[in-house]
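Here is the structure we will look at.
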Number of protein chains: 2
Amino acid sequence: MTTPRPGLRERKKQATREALREAALRLAVERGPDQVRVEDIAEAAGVSPRTYNNYFASREQAIVSAVTADREARIAAAVAARSAEVRLADAVTEAVVEQYTNAGEREQRALLLITTQSALRDAFLDATADIEPPLTAVIAERLDGAEAHTARVLAASVAAAVRIALESWLRPAQNAETAGSRAAGGLVVPSGSLSGQLRAALAPLAPAFDAAEQHTQP
Amino acid sequence: MTTPRPGLRERKKQATREALREAALRLAVERGPDQVRVEDIAEAAGVSPRTYNNYFASREQAIVSAVTADREARIAAAVAARSAEVRLADAVTEAVVEQYTNAGEREQRALLLITTQSALRDAFLDATADIEPPLTAVIAERLDGAEAHTARVLAASVAAAVRIALESWLRPAQNAETAGSRAAGGLVVPSGSLSGQLRAALAPLAPAFDAAEQHTQP
DNA sequence: CAGGAAAAGTGCGTGCACGCAAGTTTGCGT
DNA sequence: ACGCAAACTTGCGTGCACGCACTTTTCCTG
């Protein structure tokens, strides 16, 4: 059911994607991230430059994707794996934290590379939006009595919160003014562990999850 | 206080931006949106093409910006204008609905144009992210006792919800599968008035606002 | 097992985003 | 008033995203 027919076609496609990911990351590490052209990545992966961006919309996306891999799917799976007994809010939070803190050795080094270049950081942050569709699916499964949009809104909010957490984790202190963040007098100094950031960012959403959950099972 | 010194410099800058907006929209309406090159817009506004994209990162952004204008600021102002007595969740919801449904005649026609081209729709949807920073500021002002991230997370969630509402308002029925939306059996058919969509999308977030608000004034 | 439809890959051309290094205007201090 | 420094504009060059039309590969069905 999970894999009805991989199909030769689909497998070659994934192989090509993987080759591109790999080539992009390797080249970016060897020379600087700036010193890698799309042409180089395509050549290293053995496809044409045109094919390259049938797979990736930007050069940065390919590099980041080697780290990100299929994090979206893993998060969704981790939520689904949790018992329906636990609070949905907790299931989501723990799944997210778990998937973002379990970083392999290679991923750790790649992340270090990413933080050096602002274009790469942006691409990395943008990648968090990808968790929305699969997360919508698992949340909707737990809330099948709820309003149509609810699951999507919650999933999108989680994505936004994760993005914020990663953002303030990547920049310990933004030197310039933070565009409307210094609202009520004092300035914010969030800095902390990644899992701490994630939990803090997701916490404000818990009441929304609770309310949605109680709508279906009163 | 609101306008310490406009300054000649700043006024010319805004005039240029306005001229570009105007030219972009006018040309897009006259010929099709596809038949407008950056060069044309720049020429019509009396600046160089290079200057054009000191102001706008993409061609679509310029066109959309003529409709969007300073909606972000107006939403934030509309929230701030509401009494501190009313529920924050309601203040935000009403401010958003108010600013999105008060469309001038010209804006209405421009919106019609936008819906015709997918690149324009995307740019229009992306523009909703701009409400986050000003919204963060006004929310933070109402929640000054709360956790640092809370205001940002709530503002970002609102932006996400608004995006979802606009999205499903722009496409009455997405013909293909909606990437993980058909989770629990039946398929969704949201379609409705814009204000209805907005309220429905924002409703699930209300509990989160309430909880945050009670943290500061118990 | 053939034949044809659908999908993936490719070559080419066009317009664009953006860095860089001038040139030009605005603003401010002395 | 003068001139300097910062902000804005502009020309140029490079790499890139993406549409289009065409070839090659994969898959399905009679």
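Every chain is numbered from 1, with letters handed out A, B, ... down the list of sequences.
- Whole-Å rounding puts the B:N53 CG to C:dG19 C1' distance at 11 Å.
- One atom, CZ of A:R59, and another, P of D:dC18, lie 14 Å apart when rounded to the nearest Å.
- Counting distance only, with no hydrogens placed and no angle test, the side-chain atoms of B:R50 and the base atoms of D:dG13 include no donor-acceptor pair under 3.5 Å.
- The CZ-P distance, from A:R11 to D:dT25, rounds to 17 Å in whole Å.
- The CD atom of A:E39 sits 13 Å away from the C1' atom of D:dT14 (whole-angstrom rounding).
- Rounding to whole angstrom units, CD of residue A:Q61 and P of D:dC18 are separated by 10 Å.
- You'll find that the side chain of B:K13 is closest to D:dC8, out of C:dT10, D:dC8, C:dA17.
- Of the N and O atoms on the side chains of B:S65 and B:R21, at least one donor lies less than 3.5 Å from an acceptor on the other residue.
- With distances taken from any side-chain atom of B:Y52 to the nucleotides C:dA17, D:dC8, D:dG11, the minimum falls on C:dA17.
- Between A:T51 and C:dT10, a side-chain N or O to OP1/OP2 separation shorter than 4.0 Å is present.
- Note: CG (B:D122) to P (D:dA17) measures 17 Å, nearest angstrom.
- Among the nucleotides C:dC16, C:dA8, D:dT10, the one closest to any side-chain atom of A:Y55 is C:dA8.
- As rounded to whole Å, 12 Å separates atom P of D:dC28 from atom CD of A:E10.
- Whole-Å rounding puts the A:Q14 CD to C:dA7 P distance at 16 Å.
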